[in-house]
Amino acid sequence: MSDEVPPKRRLASRQRRWLFPVLAIVVGLAPVILFELSLRMVGWRPRVAHQDPFVDFQTIRPLFVLSDDGEHWVTAANRLEYFQPESFAAAKSPNEFRIVCLGGSTVQGRPYSTETSFTTWLELSLQAADPSKQWEVINCGGVSYASYRLVPILEEMLRYEPDLIVLATGHNEFLEDRSYAGIKNLPDSLADAYGRFSRLRISQWAQQLVASASDNDAAKDHHDKPLDVLTTEVDALLDYQGGLAEYHRDTAWRQSVVKHFGLNLRRMISIANNAAVPILLVDLPVNLRDCPPFKSENTNGISDADQRRCEQLVANARTLFSDDTPQAIKELELAVGINPQHAALHYQLALLYFDNQQFEHAKRHFQIAIDQDICPLRIVTPIRDVLRHTALQAAVPIVPARQRFETLSSGRIPGDNLLLDHVHPTIPGHQWIASEIIHKLEAMRIVSPRDDWQRTREQNYARHWETLTPVYFARGKQRLKGLQLWSEGRAKKIRDQGTLPADPPHLGP
């Protein structure tokens with residue numbers, strides 16, 4: 001008699017083996033699913049932490065105050081060093097769609113001003129696309145403002161009944177010195193509190209419960225908390241004489257800056273979500289081709305012999321630039337292999353690749369030059385990765401301004417064709433950003449452009465252009481020169497004495 005088990009019985013046995021664990025998982029998850037549905041049904045939303053775990057400010061002043069007649073919110077006089085004059089109605093009309101644009105000097109329109117920022121072109125475009133609504137685009141671009149300084153601005157602006165937040169940030173994260181003394185003690189799970197499970201209410205509830213349980217302990221030793229207390233307004237390193245010398249390669253500090261950016265980006269998204277206001281992120285463009293790194297240092301641990309070898313290879317390449325570009329590229333490739341963290345070497349190699357129309361190689365080394373820049377005044381790849389990843393996690397739309405600039409540039413490598421310096425777009429560049437935002441708003445069904453609206457938009461643009469005076473452009477060119485001096489570390493402010501420079505009060509981005 002055979003002991004072999006029939007096939008049907010073997011199959012039934014296997015099914016029982018995996019069926020019971022699956023049922024156990026389903027039964028175990030049932031309370032979680034029911035709790036999640038209950039939280040959503042009752043409309044529960046998490047409390048957003050208002051305390052930045054890394055920095056605090058001496059004071060936080062309102063950006064807007066009521067006008068004397070009480071009919072408008074206007075930019076506070078004590079904020080005009082970093083923000084441009086702006087105003088909007090205190091009583092929002094029923095037909096008004098109010099858009100708040102937050103960010104740094106790119107949002108403000110530097111080196112010119114708000115009159116030629118993408119915010120103005122956006123408002124003119126929306127008026128042309130759908131004149132049935134009253135479109136109001138409010139420019140909250142602060143010179144040198146990083147993400148951590150934008151959080152209180154966002155919290156304030158949500159009190160003014162916005163219908164949409166446009167957030168364009170990432171360039172200014174390395175401008176101010178912060179010690180990040182306690183960041184190593186911050187668990188990644190806490191740093192990601194608004195990210196990985198941000199769309200699950202039960203996860204938010206659990207995180208909030210844990211955070212609330214530790215509030216009392218945190219309050220007891222608040223004075224010992226490793227916070228950097230920052231000045232009321234921006235205190236950038238490059239605002240002072242010798243500011244460029246303060247920058248050195250510090251991998252741990254840079255990683256802390258990136259983590260801080262991610263935390264505040266998630267905070268702002270959560271704050272907007274809790275207020276039921278849609279938020280839109282902008283992937284900002286940078287000048288890849290026509291702006292060298294601001295400071296370069298040799299690779300950590302490079303030997304004297306390797307450094308001399310690298311210098312010889314660079315010298316060899318220079319003699320070949322005009323006569324034998326392929327060989328010059330080979331020499332610089334060898335130099336980069338020896339000294340891979342030297343930003344200027346990557347930039348020079350990228351230029352040779354670009355001249356040789358090897359655009360993919362050129363773009364890669366242009367980007368490495370930015371990422372290895374000791375003084376990073378442009379959004380670096382880790383911060384851009386955080387921006388994209390966070391947008392994907394939180395299901396937040398992102399405006400592909402960087403990609404648009406690439407399609408308009410030779411070899412898909414933006415330069416002076418669309419940017420005036422390292423980060424600030426030309427006026428046509430701002431118009432392109434506005435156009436990309438319009439496309440995104442159309443996809444979000446916020447605006448449904450009427451037929452042939454582009455013709456009206458061009459007419460609006462032309463009428464607005466006529467209002468700009470020669471003085472406006474002259475001041476913009478003067479600011480551009482100041483920006484270039486500032487980025488080269490040639491500011492005149494002295495930290496000890498606190499004297500203002502002879503140039504305009506603030507030259508930063």
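Predicted model only: the values in this text are computed from it and were never measured. Residue numbers run from 1 in the order of the sequence given. Side chains are part of it too, since the values below use all heavy atoms of this structure and drop only hydrogens, waters and symmetry mates.
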Are Asp371 and His346 linked by a side-chain donor-acceptor pair shorter than 3.5 Å?
-> no
Please output the side-chain donor-acceptor pairs of residues 117-129 that fall under 3.5 Å, not counting sequence neighbours, one pair per line with the distance.
{"residue": "Ser117", "atom": "OG", "partner": "Val107", "partner atom": "O", "Å": "2.5"}
{"residue": "Ser117", "atom": "OG", "partner": "Thr119", "partner atom": "N", "Å": "3.3"}
{"residue": "Ser117", "atom": "OG", "partner": "Thr119", "partner atom": "OG1", "Å": "3.3"}
{"residue": "Thr119", "atom": "OG1", "partner": "Asn139", "partner atom": "ND2", "Å": "2.9"}
{"residue": "Thr120", "atom": "OG1", "partner": "Thr114", "partner atom": "O", "Å": "2.5"}
{"residue": "Trp121", "atom": "NE1", "partner": "Thr116", "partner atom": "O", "Å": "3.1"}
{"residue": "Glu123", "atom": "OE1", "partner": "Val137", "partner atom": "N", "Å": "2.8"}
{"residue": "Ser125", "atom": "OG", "partner": "Trp121", "partner atom": "O", "Å": "2.7"}
{"residue": "Ser125", "atom": "OG", "partner": "Tyr461", "partner atom": "OH", "Å": "2.9"}

Sequence neighbours excluded, which residues qualify as side-chain contact (heavy atoms from CB on, under 4.5 Å) partners of Thr467?
-> His464
Contacts of Ser410 that satisfy side-chain contact (heavy atoms from CB on, under 4.5 Å) - sequence neighbours left out | Phe354, Phe359
Identify all side-chain donor-acceptor contacts of residues 61-80 below 3.5 Å with residues at least two apart in sequence or on another chain.
{"residue": "Arg61", "atom": "NH2", "partner": "Asn78", "partner atom": "O", "Å": "3.1"}
{"residue": "Ser67", "atom": "OG", "partner": "Asp69", "partner atom": "OD1", "Å": "2.5"}
{"residue": "Ser67", "atom": "OG", "partner": "Glu71", "partner atom": "N", "Å": "3.4"}
{"residue": "Ser67", "atom": "OG", "partner": "His72", "partner atom": "N", "Å": "3.2"}
{"residue": "Ser67", "atom": "OG", "partner": "His72", "partner atom": "O", "Å": "3.3"}
{"residue": "Asp69", "atom": "OD1", "partner": "Glu71", "partner atom": "N", "Å": "2.9"}
{"residue": "Thr75", "atom": "OG1", "partner": "Gln84", "partner atom": "O", "Å": "3.3"}
{"residue": "Thr75", "atom": "OG1", "partner": "Glu86", "partner atom": "N", "Å": "2.9"}
{"residue": "Thr75", "atom": "OG1", "partner": "Glu86", "partner atom": "O", "Å": "3.3"}
{"residue": "Arg79", "atom": "NE", "partner": "Glu233", "partner atom": "OE2", "Å": "2.8"}
{"residue": "Arg79", "atom": "NH1", "partner": "Arg61", "partner atom": "O", "Å": "2.5"}
{"residue": "Arg79", "atom": "NH2", "partner": "Tyr145", "partner atom": "OH", "Å": "2.8"}

Looking at Asp163 and Lys92, does any basic side-chain N land under 4.0 Å from a carboxylate oxygen?
-> yes
One should read off an interatomic distance between Asp228 CG and Ser179 OG, to the nearest 0.5 angstrom, of 3.5 Å
Excluding sequence neighbours, so at least two apart, what forms side-chain contact (heavy atoms from CB on, under 4.5 Å) with Ser448?
-> none
Excluding sequence neighbours, so at least two apart, what forms ring pair (Phe, Tyr, Trp, His ring centres under 6.0 Å) with Phe174?
-> Trp253
Minimum-distance pair of heavy atoms, taken over all atoms of Pro397 and Lys440 | CB-CD, 4.0 Å
Decide whether Asn264 and Arg267 meet the rule of one side-chain donor and one side-chain acceptor closer than 3.5 Å.
-> yes
Answer with yes or no whether the side chains of Glu176 and Tyr148 bring together a donor and an acceptor at under 3.5 Å.
-> yes
Should the pair Tyr353 and His365 be assigned to parallel (<30°), tilted (30 to 60°) or perpendicular (>60°) ring geometry?
-> parallel
For side-chain contact (heavy atoms from CB on, under 4.5 Å), just list the numbers for His422 and Phe294, CA-CA rounded to whole Å, side-chain angles, deciding distance to a tenth of an Å, and then say yes or no.
-> CA-CA 10 Å; His422 55 298; Phe294 295 101; 3.7 Å; yes
Taking Asp130 for its side chain and Arg450 for its backbone only, find out whether a donor-acceptor pair lies under 3.5 Å.
-> no
Decide yes or no for Leu418 and Pro425: does some side-chain heavy atom of the first lie under 4.5 Å from some side-chain heavy atom of the second?
-> no
Hits for ring pair (Phe, Tyr, Trp, His ring centres under 6.0 Å) against His430, two or more places apart or cross-chain, chain-then-number order -> none
Mind checking the CD1-CD1 spacing from Ile99 to Ile138? Nearest 0.5 Å is all I need.
-> 9.5 Å
Sorted by chain and number, sequence neighbours left out, ring pair (Phe, Tyr, Trp, His ring centres under 6.0 Å) with Phe97 holds for Trp135
CZ (Arg445) with more than 12 external heavy atoms under 6.0 Å = no
Those residues at least two apart in sequence (or on a different chain) that pass salt bridge (charged side-chain N to carboxylate O under 4.0 Å, His left out) with Glu96 are Arg98
Would you kindly say whether Glu173 and Ser147 are connected by a side-chain donor-acceptor distance under 3.5 Å?
-> yes
What donor-acceptor contacts under 3.5 angstrom involve side-chain atoms of residues 281-293, with partners at least two apart or in another chain?
{"residue": "Asp283", "atom": "OD1", "partner": "Arg384", "partner atom": "NH1", "Å": "2.3"}
{"residue": "Asp283", "atom": "OD2", "partner": "Arg402", "partner atom": "NE", "Å": "3.2"}
{"residue": "Asp283", "atom": "OD2", "partner": "Arg402", "partner atom": "NH2", "Å": "3.4"}
{"residue": "Asn287", "atom": "OD1", "partner": "Arg289", "partner atom": "N", "Å": "3.4"}
{"residue": "Asn287", "atom": "OD1", "partner": "Asp290", "partner atom": "N", "Å": "2.9"}
{"residue": "Asn287", "atom": "ND2", "partner": "Asp416", "partner atom": "OD1", "Å": "3.1"}
{"residue": "Asn287", "atom": "ND2", "partner": "Asp421", "partner atom": "O", "Å": "3.0"}
{"residue": "Arg289", "atom": "NH1", "partner": "Ile413", "partner atom": "O", "Å": "2.8"}
{"residue": "Asp290", "atom": "OD2", "partner": "Asp416", "partner atom": "N", "Å": "2.7"}

Check side-chain contact (heavy atoms from CB on, under 4.5 Å) between Glu488 and all other residues, then give those that pass, not counting sequence neighbours.
-> Leu485, Arg490
Hits for ring pair (Phe, Tyr, Trp, His ring centres under 6.0 Å) against His439, two or more places apart or cross-chain, chain-then-number order -> none
